[in-house]
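A quick write-up on the structure given underneath.
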Amino acid sequence: MTLPEQFKKDNAENIFIYHYVEEMIANYRKYLDETFDDENISTSELPFLIRIRYSEKTTQKELVELFKVSEGYTAKLLRKFEDLGYITRCEDPANRRKKIVELTEKGCEKTDELIGLIDSWEINVTSKMSDDEVRLLKRLLYKVVES
């Protein structure tokens with residue numbers, strides 16, 4: 001990862017967390033652009049599939065709120081995922097107006113591929129860290145997002 005000039009080891013504690021997150025996201029997007037090749041899905045659509053994979057009984061409305069996108073965009077994207085055979089939508093028995101979104105077996109296979117890419121990226125960006133440092137980083141990041 002090539003860092004901007006403002007990032008210096010002796011100044012690391014004075015840099016905003018925001019800047020670190022911004023650099024990590026840019027690095028991750030660049031990595032995906034270079035490694036992910038699927039004519040049916042764009043890299044901006046991948047987070048939806050990953051989130052569905054790791055959510056229990058997520059709904060279309062929850063995805064709208066999580067990703068801060070319109071209901072129309074989300075409905076169109078989920079229709080695309082349905083057409084590709086990655087998801088199914090079914091009525092929530094507790095509330096028939098809600099649609100529960102679930103991965104199909106084909107969707108699980110696609111997200112397995114994505115998880116492999118995420119793992120590779122993580123291994124690459126943490127290659128100069130010990131296993132203990134990586135675990136500590138994840139615990140600290142959890143504290144950040146928890147609040």
Side-chain angles (χ1 to χ4, degrees), residues 1-4 7 12-13 15-147:
M1 189 180 321
T2 306
L3 294 175
F7 287 83
E13 294 170 2
I15 297 170
F16 288 116
I17 294 170
Y18 163 82
H19 286 80
Y20 289 114
V21 171
E22 190 177 61
E23 289 300 317
M24 287 174 60
I25 290 170
N27 178 274
Y28 177 70
R29 289 204 187 279
K30 181 180 178 207
Y31 169 80
L32 275 183
D33 288 341
E34 292 171 355
T35 59
F36 183 73
D37 186 26
D38 187 321
E39 60 189 44
N40 295 315
I41 303 176
S42 71
T43 55
S44 63
E45 296 168 341
L46 298 178
F48 280 83
L49 274 181
I50 293 293
R51 186 59 67 152
I52 294 166
R53 168 79 180 253
Y54 289 107
S55 298
E56 284 189 37
K57 293 188 176 184
T58 193
T59 65
Q60 185 170 322
K61 184 172 176 56
E62 290 168 344
L63 293 169
V64 166
E65 292 168 1
L66 175 70
F67 289 105
K68 311 278 190 269
V69 294
S70 72
E71 289 183 26
Y73 173 79
T74 303
K76 183 178 173 183
L77 181 58
L78 293 179
R79 169 60 61 195
K80 177 180 176 178
F81 289 162
E82 273 182 317
D83 292 344
L84 291 167
Y86 294 149
I87 66 159
T88 59
R89 288 186 276 188
C90 58
E91 278 185 3
D92 183 347
N95 181 349
R96 293 186 358 207
R97 291 179 295 159
K98 286 185 178 181
K99 296 285 186 197
I100 296 173
V101 181
E102 295 177 321
L103 285 180
T104 63
E105 188 174 326
K106 186 176 179 182
C108 285
E109 290 169 7
K110 177 52 81 176
T111 55
D112 284 345
E113 175 188 338
L114 302 175
I115 291 165
L117 291 174
I118 293 168
D119 280 342
S120 294
W121 178 78
E122 274 194 25
I123 289 166
N124 185 22
V125 297
T126 60
S127 63
K128 296 179 182 176
M129 300 169 72
S130 70
D131 290 346
D132 286 340
E133 289 172 322
V134 172
R135 281 192 290 276
L136 176 60
L137 173 62
K138 288 183 177 188
R139 285 194 303 269
L140 292 173
L141 288 171
Y142 179 82
K143 280 185 173 186
V144 169
V145 299
E146 177 182 48
S147 56

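All values derive from a computational prediction rather than experimental measurement. One is the number of the first residue; the rest follow in order along the sequence.
- For the pair L63 and V69, the minimum side-chain heavy-atom distance is 4.5 Å or more.
- Looking at I115 and R53, their side chains come closer than 4.5 Å, going by heavy atoms from C-beta outward.
- Taking a cutoff of 4.0 Å between a charged side-chain nitrogen and a carboxylate oxygen, K106 and E109 do not qualify as a salt bridge.
- For the pair E91 and K99, the tightest heavy-atom approach, listed with the atom from each and the gap, is CG-NZ, 3.7 Å.
- Listed for the T59 side chain is a donor-acceptor partner under 3.5 Å among the backbone atoms of E62.
- The main-chain N or O of G85 is found under 3.5 Å from a side-chain atom of T104 such that the two form a donor-acceptor pair.
- Side-chain contact between K128 and E133: absent, with no pair of heavy atoms (C-beta onward) separated by less than 4.5 Å.
- A salt bridge does not link E146 with K143: every distance from a Lys NZ or Arg NE/NH1/NH2 to an Asp or Glu carboxylate oxygen is 4.0 Å or more.
- No donor-acceptor pair closer than 3.5 Å links the side chain of K80 to the backbone N or O of I41.
- A donor-acceptor pair is defined here as one N or O able to donate and one able to accept, closer than 3.5 Å; no such pair exists between the side chain of Y86 and the backbone of T111.
- Looking at Y31, its side chain does come within 3.5 Å of a backbone N or O of L117 through a donor-acceptor pair.
- Exactly one residue among T88, T74, L78 makes a side-chain contact (heavy atoms from CB on, under 4.5 Å) with V101. That residue is L78.
- Screening V125, I118, D33 for a side-chain contact (heavy atoms from CB on, under 4.5 Å) with Y28, the sole residue that qualifies is I118.
- The CD atom of E71 sits 8.5 Å away from the CD atom of E65 when rounded to the nearest 0.5 Å.
- A distance of 7.5 Å separates NZ of K138 from OG1 of T126, quoted to the nearest 0.5 Å.
- How far CG of D37 is from OG1 of T35: 9.5 Å, rounded to the nearest 0.5 Å.
- When atom types are taken as modelled, the side chain of S147 and the backbone of V144 share a donor-acceptor pair closer than 3.5 angstrom.
- The distance from atom NZ of K110 to atom CG of N40, rounded to the nearest 0.5 Å, is 7.5 Å.
- Taking a 6.0 Å sphere around CG of L140, one finds it holds more than 12 heavy atoms contributed by other residues, nucleotides or ligands.
- Between V64 and S70, the closest heavy-atom pair is CG2-O, 4.0 Å.
- Side-chain contact between N27 and W121 is present, with at least one heavy-atom pair separated by less than 4.5 Å.
- Looking at L66 and R51, their side chains come closer than 4.5 Å, going by heavy atoms from C-beta outward.
- With rounding to the nearest 0.5 Å, the separation of OG in S55 from CD1 in I100 is 12.0 Å.
- One distance of note links CZ of R89 with CD of E82; it measures 4.0 Å at 0.5 Å rounding.
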- Yes or no on side-chain contact (heavy atoms from CB on, under 4.5 Å) for V21 and F16, after CA distance, side-chain angles and deciding distance? CA-CA 9 Å; V21 171; F16 288 116; over 6 Å; no
